[in-house]
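Numbers restart at 1 for each chain; the letters A, B, ... are given by sequence-line order, proteins then strands. The shown structure was predicted, so the numbers you read here are calculated from the model rather than taken from an experiment.
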Amino acid sequence: MTANHYSMEAAAGPAAVECRGLGLTRRKKSILQDISFDIPQGSLTGLLGPNGAGKSSLLRIIAGLAAPDTGSVRVFGQPAGIEQLGMLSLLPDRSNLPGWLSVREWLDFAAGIYPDWDPVKALEVQAELNVSVEPAISSLSRGEEARLQLLTCLSRTAPLIILDEPFTGVDLISRERIASAVVGELADGRRTFLIATHDIREMELLFDRLILIGKGTIRSIEDVDRLRRSGKSVESHYREVFA
Amino acid sequence: MDQSFELLPEPFQINPSLPIYEQFAWAIQGRIVSGHIPPGSRLPSVRELAAGRGVNPTTAARTYQELERMGLIVTYRGQGTFVTRDAAVIGEARKEIMRKAIKEFKAAAGKLGLTAAQLLEFDKEDSHDG
């Protein structure tokens with residue numbers, strides 16, 4: 001028996017995400033410049049940066065929902081694009097679940113449209129996130145809707161989960177439930193998470209890697225354990241970089 | 001799980017500026033050598049530790065790797081992770097903690113311009129007075 005049986009190291013294989021020289025310009029305004037990084041499989045990477053840094057644009061490109069002007073993205077070794085949509089589950093920044101449906105109707109609908117929907121997983125995560133299925137979506141609080149969106153994301157078997165600001169306007173208890181559900185997913189099934197957030201304090205114990213972007217460029221890429229060995233926290237590093 | 005002990009002392013404040021697995025491993029080592037976690041106890045899984053504390057599963061895994069390296073815990077595949085019943089190993093870990101305590105005590109004395117013995121002497125007199 002080796003010491004490695006606790007290891008969460010990813011199985012050998014291509015990076016979950018590989019960005020090379022990404023650039024994006026919209027209406028003559030530069031949104032992203034020369035963005036390059038890898039996200040290894042099994043990582044929980046935090047994408048951090050101020051408002052307007054280009055985080056959401058970057059996530060949309062990785063998800064294959066937008067094309068960069070320059071550079072390339074690979075997801076598990078394949079070029080990003082709609083063909084890779086089944087490989088990843090994206091929680092977008094702005095919510096747009098159909099308010100006229102009940103939670104149960106939405107989940108039934110989602111089970112029908114996602115080929116990789118896992119009904120057993122859906123029930124587990126529903127219990128973990130404490131989502132009740134009776135109410136109409138339009139009557140949900142911000143935190144309840146955020147939990148329902150995350151439930152929708154995690155009920156799929158896609159190996160890459162991308163969450164764009166999962167905590168915006170979400171109460172403390174919902175935050176804790178969301179964080180705990182994410183940990184459970186990461187520990188169980190070798191999934192990879194990429195999470196863009198402002199809420200560094202909520203998440204800093206969860207990240208193992210950081211990508212800091214500001215004004216459309218990479219400002220820092222760090223291994224969180226290495227940061228801590230040099231006596232820095234995620235938060236203090238963030239302040240240093242963006243001071 | 002019939003777990004009648006707390007893995008970590010409560011409350012446990014994590015310092016986000018130092019490696020978390022080291023903080024966990026150190027605290028659990030202390031709980032084991034003091035008998036708060038008895039020999040042979042079954043520890044929570046990596047997943048339970050991570051979810052319970054809201055930390056990355058790698059942190060929980062490294063914590064156990066560290067404790068296993070010291071021989072304080074043993075994992076049997078399919079059964080779980082258990083505190084060693086080897087008294088010699090636990091005794092050695094206790095000595096390590098004692099050495100660290102002494103070192104810190106000497107450092108505290110040094111800051112006051114005293115030796116450890118002088119500080120202890122003061123304590124003797126002080127408790128007589130009190």
_Which residues share a side-chain hydrogen bond (donor to acceptor under 3.5 Å, both in side chains) with A:Ser233, sequence neighbours left out_ = A:Ser236
_I'd like to know if A:Arg209 and A:Glu222 make a salt bridge, using a cut-off of under 4.0 Å between side-chain N and carboxylate O._
no
_Please find the pair of heavy atoms, one from B:Gly40 and one from B:Phe82, that lie closest to each other, and give the distance._
O-CD2, 3.6 Å
_Just to be sure I understand the criterion: a residue of residues 97-120 of chain B counts if one of its heavy atoms is under 4.5 Å from a heavy atom of chain A. Which ones qualify?_
none
*May I ask you to decide whether B:Glu48 forms a salt bridge with B:Arg42, counting only side-chain N to carboxylate O separations under 4.0 Å?*
no
*Are the side chain of B:Thr84 and the backbone N or O of B:Asp86 linked by a donor-acceptor pair below 3.5 Å?*
yes
*Could you tell me which residues in residues 16-34 of chain B have at least one non-hydrogen atom under 4.5 Å from a non-hydrogen atom of chain A, sorted by residue number?*
B:Pro16, B:Ser17, B:Leu18, B:Pro19, B:Ile20, B:Tyr21
*State whether the side chain of A:Thr152 and the backbone N or O of A:Leu148 hold a donor-acceptor pair below 3.5 Å, judged by distance alone.*
yes
*asked:* For A:Glu165, give me all partners under salt bridge (Lys or Arg N to Asp or Glu O under 4.0 Å), at least two apart in sequence or on another chain.
replied: none
*Main-chain N/O of A:Gly42 paired to A:Thr192 side chain as donor or acceptor, under 3.5 Å*: yes
*State plainly whether the residues A:Asp208 and B:Arg62 are in salt-bridge range, i.e. N to O under 4.0 Å.*
no
